[in-house]
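Working notes, structure below.
FYI, side chains are in, hydrogens and waters are out, and symmetry mates aren't considered; it's all heavy atoms of this structure. Quick note on labels: first sequence line is chain A, next is B, and so on, each numbered from 1.
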2 protein chains.
Amino acid sequence: MEHFPHTPPNLTKNQSMVMAALLKANGPLSAYTILDQLRSKGLRAPLQVYRALDKLVGYGMAHRLESMNAFIACRHPDGESGSMVAFTICESCGEVAEISNDRFDSQLHKLAGGAGFNVKKSTVELFGQCEACA
Amino acid sequence: MEHFPHTPPNLTKNQSMVMAALLKANGPLSAYTILDQLRSKGLRAPLQVYRALDKLVGYGMAHRLESMNAFIACRHPDGESGSMVAFTICESCGEVAEISNDRFDSQLHKLAGGAGFNVKKSTVELFGQCEACA
DNA sequence: CTGAAACTGTTATGTTATAACAAATAATAA
DNA sequence: TTATTATTTGTTATAACATAACAGTTTCAG
């Protein structure tokens, strides 16, 4: 289950349906919201959704927002490395945006490195106000 | 509910008990684990714990680890500003450490600022290996 | 003292996530 | 192809995390 971003493997039926739901939404969805949207297409149980989400996240095609218990399609721009991903979450309008930045990523590794810690995976979620709401 | 770190208000009975449980533990605890530990002291319901935790987090005396659904006593060193807090979480031994760094904090604000986003609160949780386990 | 604000206790319920098992499907190699 | 192995699927049940609503109590400033 190792994939570079934007080189998706062939998705299974459930994985495709869940991915489509994430792409159609323009914001994060909870697993149960996804389930409700896909009941008409035959999904019946939470596990069917969670299993698909696990794969999609593993493939780098979706992200989990830890602070919201929700999932969102990966939209980080092509050309950026797959390294670090941060999210901005607007407390006014709920908009979630993805930021990817190599310099920041190395800062982050350096910060942790200073404490003798070797970073493999990071969760960075920023709350505040987006440009439109400010 | 505004407090500088390390200038704790007078805690109520429940708040003190929950804080004591967090301090005694040398790692994160789930709300239900805390509840179990405090049943012998009279606590009976999850809400009693969650309410205390909300206050303690608000006072800056405890932190919530979003990626673990767990809580940990604040231990960031005196003298550091209260700005940003990051956590390192060792995937081998489970050790959780707190890092606070002003320079990184400003990097983080700058990164978001570049996208027109104004950061009020941040969640930074880093997974990998601690010094001892590496 | 008294009224407002904060805290407490309690029951019930809502939300998020996984365990365990059996069956179907797809990918691989002989 | 056919046997073998991996993965995916479907399903039921349950675990783990969190809050709603309401009533009663304590605290404390005015």
Item to check | Output field: ring centroids B:Phe87/B:Phe127 closer than 6.0 Å | outcome: no
Checklist entry - Less than 6.0 Å separating the ring centroids of A:His63 and A:Phe71? => result no
Please check the phosphate of [N] (OP1 and OP2 only) for any side-chain N or O of [X] closer than 4.0 Å.
X: A:Gln48; N: D:dT9; answer: no
X: A:Thr12; N: D:dT9; answer: yes
X: B:Lys13; N: C:dC7; answer: no
X: B:Arg44; N: C:dG9; answer: no

Checklist outcome for this item: Re D:dT11: Watson-Crick or G-U wobble partner, both distances kept under 3.5 Å, found to be C:dA20
Checklist outcome for this item: Ordered by number, residues from residues 15-27 of chain B within less than 4.0 Å of DNA chain D (heavy atoms) are none
Roughly how far apart are [X] [atom1] and [Y] [atom2], rounded to 0.5 Å?
X: B:Glu125; Y: A:Ser122; atom1: CD; atom2: OG; result: 10.5 Å
X: B:Gln48; Y: B:Gln15; atom1: CD; atom2: CD; result: 12.5 Å
X: A:Leu22; Y: A:Ile34; atom1: CG; atom2: CD1; result: 4.5 Å

Between [N] atom [atom2] and [X] atom [atom1], what is the distance in whole Å?
X: A:Asp36; N: C:dT15; atom1: CG; atom2: P; result: 10 Å
X: A:Leu35; N: C:dT18; atom1: CG; atom2: P; result: 15 Å
X: A:Ile34; N: C:dT16; atom1: CD1; atom2: P; result: 11 Å
X: A:Arg39; N: D:dT11; atom1: CZ; atom2: P; result: 12 Å
X: B:Asn14; N: C:dG9; atom1: CG; atom2: C1'; result: 9 Å

Next on the checklist: Less than 4.5 Å apart, side chain to side chain, heavy atoms only: is that true for A:Asn14 and A:Arg51?
Outcome noted: no
Checklist entry - Taking the side chain as C-beta and beyond, is there a heavy-atom pair between A:Ile99 and A:Thr88 under 4.5 Å? => result yes
Checklist entry - Glycosidic conformation of D:dA6, syn or anti, with 90° from 0 as the boundary? => result syn
Checklist outcome for this item: For nucleotides 15-30 of chain D, 5' to 3', base contacts (B), sugar-phosphate-only contacts (S) and non-contacts (-) with protein non-hydrogen atoms under 4.0 Å give --BBBBB---------
Next on the checklist: More than 12 heavy atoms of other residues, nucleotides or ligands under 6.0 Å from NZ of A:Lys121: yes or no?
Outcome noted: yes
Next on the checklist: If the condition is ring pair (Phe, Tyr, Trp, His ring centres under 6.0 Å), which residues does B:His109 pass it with, not counting sequence neighbours?
Outcome noted: none
Checklist entry - To the side chain of B:Ala45, which of D:dG10, D:dT11, C:dT11 is closest? => result C:dT11
